[in-house]
Amino acid sequence: AQSVAQPEDQVNVAEGNPLTVKCTYSVSGNPYLFWYVQYPNRGLQFLLKYITGDNLVKGSYGFEAEFNKSQTSFHLKKPSALVSDSALYFCAVRTMYSGGGADGLTFGKGTHLIIQP
Amino acid sequence: NAGVTQTPKFQVLKTGQSMTLQCAQDMNHEYMSWYRQDPGMGLRLIHYSVGAGITDQGEVPNGYNVSRSTTEDFPLRLLSAAPSQTSVYFCASSYSIEDQETQYFGPGTRLLVL
């Protein structure tokens with residue numbers, strides 16, 4: 001079964017410092033990987049995706065993610081953190097469900113990112 | 001565009017009661033889905049639909065029913081609520097199942113089952 005793991009419940013970073021939010025995946029075949037952000041009392045917002053091509057993917061709000069096939073990782077990064085980046089971040093992978101021929105998304109448990117002024 | 005709207009925002013039910021969570025979108029999206037979000041577990045797909053009249057099960061469909069009679073609406077029904085269904089429910093939509101990673105999420109419905 002496809003799955004993603006986010007090993008950190010919370011990441012604390014000082015404003016202006018680089019940030020990394022970790023994600024590892026387990027899939028059969030080529031992975032379709034995604035990052036989402038959730039602000040308090042809001043639904044998820046799509047940040048970026050990796051389907052194929054360059055291992056460094058750029059997304060919204062200055063975020064980027066690095067796909068590493070040998071380490072089965074897809075870490076989210078940003079060179080300089082802002083206080084407004086504080087939110088809950090989810091990694092996800094495209095998944096085939098047994099209920100039908102189509103597919104959905106499997107999410108990690110989420111990582112709270114806290115940017116300290 | 002109102003985007004994806006969900007009602008109610010918050011609901012308290014007693015065990016065994018039934019209710020319908022409403023979801024509507026005004027973007028003419030074909031793909032709609034329902035997720036539940038529980039602490040420490042991320043989002044899990046309950047049911048999804050690739051168009052009017054077509055629905056299918058996701059990862060955790062038991063205890064929930066859906067229907068898609070129009071493109072705009074995708075209600076989620078709890079036939080007999082259980083405390084294990086206490087959660088935050090999100091509806092989402094996208095142009096097609098191929099675009100689902102960029103789907104728009106509604107604001108969520110918080111459900112408490114006593």
Side-chain angles (χ1 to χ4, degrees), chain A residues 1-10 21-25 27 31-52 57 59-60 65 67 74 87-112, chain B residues 2-6 9-10 21 23 25 29-51 54-62 64-66 68 87-110:
Chain A
Q2 323 277 57
S3 66
V4 291
Q6 294 179 244
E8 303 156 316
D9 291 334
Q10 183 169 307
V21 182
K22 296 180 180 178
C23 172
T24 58
Y25 65 88
V27 303
Y32 288 11
L33 296 161
F34 314 95
W35 275 102
Y36 293 83
V37 59
Q38 184 180 29
Y39 297 101
N41 301 312
R42 302 288 298 277
L44 272 67
Q45 297 178 36
F46 169 77
L47 276 179
L48 51 80
K49 66 179 178 182
Y50 172 83
I51 303 297
T52 186
V57 179
S60 306
F67 172 71
F74 189 56
L88 183 58
Y89 291 80
F90 291 96
C91 182
V93 64
R94 196 82 167 253
T95 302
M96 295 294 294
Y97 289 107
S98 59
D103 57 352
L105 298 173
T106 294
F107 289 84
K109 62 179 176 65
T111 299
H112 287 275
Chain B
V4 179
T5 58
Q6 291 183 238
K9 291 185 179 180
F10 181 71
L21 280 64
C23 174
Q25 52 88 12
H29 286 172
E30 292 294 327
Y31 182 76
M32 296 186 73
S33 57
W34 275 103
Y35 291 87
R36 60 178 289 173
Q37 184 179 26
D38 301 294
M41 297 190 71
L43 275 74
R44 292 181 291 169
L45 182 65
I46 304 171
H47 286 282
Y48 64 92
S49 169
V50 296
I54 306 170
T55 64
D56 208 341
Q57 297 179 351
E59 182 183 1
V60 288
N62 293 339
Y64 307 94
N65 281 353
V66 292
R68 185 94 179 271
S87 187
V88 181
Y89 291 86
F90 288 99
C91 179
S93 74
S94 61
Y95 284 108
S96 72
I97 194 170
E98 299 303 321
D99 299 316
Q100 63 177 284
E101 60 267 19
T102 57
Q103 56 191 316
Y104 292 79
F105 282 80
T109 294
R110 293 183 177 274

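Convention: sequence-line order gives letters A, B, ...; per-chain numbering from 1. Predicted model, so just to flag it, every value in this text is computed and none were measured.
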Chemist: Is Phe46(A) atom CZ crowded by more than 12 heavy atoms from other residues, nucleotides or ligands, each under 6.0 Å away?
Modeler: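 It does: Phe46(A) CZ has more than 12 such atoms within range.
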
Chemist: Is it the side chain or the backbone of Gln6(B) that comes within 4.5 Å of chain A heavy atoms, both, or neither?
Modeler: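 Contact with chain A: none, neither part.
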
Chemist: Is the NZ atom of Lys109(A) crowded by more than 12 outside heavy atoms at less than 6.0 Å?
Modeler: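 Yes, the 6.0 Å shell around NZ holds more than 12 heavy atoms from other groups.
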
Chemist: Go through Leu105(A) and Arg44(B) one step at a time and tell me if the side-chain contact (heavy atoms from CB on, under 4.5 Å) criterion holds.
Modeler: CA-CA 8 Å; Leu105(A) 298 173; Arg44(B) 292 181 291 169; over 6 Å; no

Chemist: Counting only heavy atoms not in Tyr95(B), do more than 12 fall under 6.0 Å of its OH?
Modeler: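 No, not enclosed.
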
Chemist: Go through the structure and list residues passing ring pair (Phe, Tyr, Trp, His ring centres under 6.0 Å) with Tyr32(A), not counting sequence neighbours.
Modeler: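 None.
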
Chemist: Applying ring pair (Phe, Tyr, Trp, His ring centres under 6.0 Å), name anything that partners Phe107(A), two or more places apart in sequence or on another chain.
Modeler: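 Result, ring pair (Phe, Tyr, Trp, His ring centres under 6.0 Å) vs Phe107(A): Tyr36(A), Tyr35(B).
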
Chemist: Closest approach of Phe90(A) and Leu43(B), non-hydrogen atoms and distance?
Modeler: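 Looking at all heavy atoms of both residues, the shortest contact is CZ-CD1, 4.2 Å.
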
Chemist: Need one label for Gln6(A): side chain, backbone, both or neither, based on atoms under 4.5 Å from any heavy atom in chain B.
Modeler: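 Contact with chain B is absent: no heavy atom of Gln6(A) under 4.5 Å.
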
Chemist: Using side-chain heavy atoms (C-beta onward) and a distance below 4.5 Å, is Arg42(A) in contact with Phe90(B)?
Modeler: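 Arg42(A) vs Phe90(B): side chains apart.
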
Chemist: Can you say whether Leu88(A) sits under 4.5 Å from chain B via the side chain, the backbone, both, or neither, judging by heavy atoms?
Modeler: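 Contact with chain B involves the side chain of Leu88(A) alone.
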
